[in-house]
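Fair warning: this is a prediction, and the values are worked out from it, not measured in the lab. Throughout, residue positions are numbered sequentially from 1 according to the sequence presented. All heavy atoms count here, side chains included; hydrogens, waters and symmetry mates do not.
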Amino acid sequence: MWALIVLGCVVGTILSLALLYVIVVFVSAALVNPDKEYEKHSGYYRWLLNSATWFAVRGARIKLHANGVEKIPKGRFLVVGNHLSNWDPILTWYVMPRAKLSFISKEGNFHIPAFGRIIRRCCFKVIDRGDARESLKTLHRAAEMIRKDEVNYGIYPEGTRNREPEKGLLPFHNGVFKIAQQANVPIVVVAVRGTEKVAGNFPWHKTDVYLDICDVIPPEEHVKRRTQEIGARVEADLKAVL
């Protein structure tokens, strides 16, 4: 009898804490201006993002195999890689919890309830894929944020999710490498495999996801190079792993 009472108290406490956490997340998200582009990083909202990610990875039954994490620079950098699903950026910042990694992303992600406002407050930036001039302005602003030591940025040269990875990488938008050139920081090349299977496996099966830090290109090896040359190196790095 006492064992059941204790168990009931424990379960009740856990459920109450979970409910409280959800309330905190949504109330905090509601305080974020959805029309503002934030220029100052918030440690509190970064904690919300990282903690929510921790729960999401476990809830989605993802078994992450991360390799080469020791290669990640301690200072500022730009992350680039292949793109298979919405889990790619989530798992990338998951393995870099102290890096203050933000992403340049499509507008639709900023309209996801609570999540969209939290990433906005963590200095994530919207990119307009249909407007080259506005896209370039976004890249310039991201480089400036890195130079100011606010956050690191991640962006996908393929521009969108690759729905047929067996056919190879999508053509690169090499202009994204200008962020690293203008900020004079390393380029961290990340290869992911398996994220496209998460949605199909959930909830009955776990998903093995592999994330490899396959190269770190220092500034002295890319600043004076053409973006096409950088893209060719990144593509070769990814193909060697994928």
Can you confirm whether the side chains of His41 and Arg46 place a donor and an acceptor under 3.5 Å from each other?
yes

Distance-only donor-acceptor check, side chains Gln182 and His140, under 3.5 Å:
yes

Interatomic spacing from [atom1] in [X] to [atom2] in [Y] - rounded to 0.5 Å:
| X | Y | atom1 | atom2 | value |
| --- | --- | --- | --- | --- |
| Ile90 | Ile62 | CD1 | CD1 | 8.0 Å |
| Asn86 | Leu91 | CG | CG | 11.0 Å |
| Asp208 | Arg61 | CG | CZ | 11.0 Å |

Please walk me through it: do Thr92 and Leu101 pass side chain to side chain contact (heavy atoms under 4.5 Å, CB included)?
CA-CA 8 Å; Thr92 303; Leu101 180 60; 3.7 Å; yes

Taking side chain as C-beta onward, heavy atoms only, is Phe103 less than 4.5 Å from Trp93?
yes

Does a side-chain heavy-atom distance below 4.5 Å link Val234 with Ile217?
yes

Would you say Arg193 has more than 12 foreign heavy atoms packed within less than 6.0 Å of its CZ?
yes

Considering residues, nucleotides and ligands other than Lys63, do more than 12 of their heavy atoms fall under 6.0 Å from its NZ?
no

Against Tyr21, only a single residue in Phe26, Trp54, Phe55 fulfils ring-ring contact (aromatic ring centres under 6.0 Å, His included); can you say which?
Phe55

Derivation and outcome, side chain to side chain donor-acceptor pair (under 3.5 Å), residues Asp88 and Thr195
CA-CA 7 Å; Asp88 300 335; Thr195 52; 2.5 Å; yes

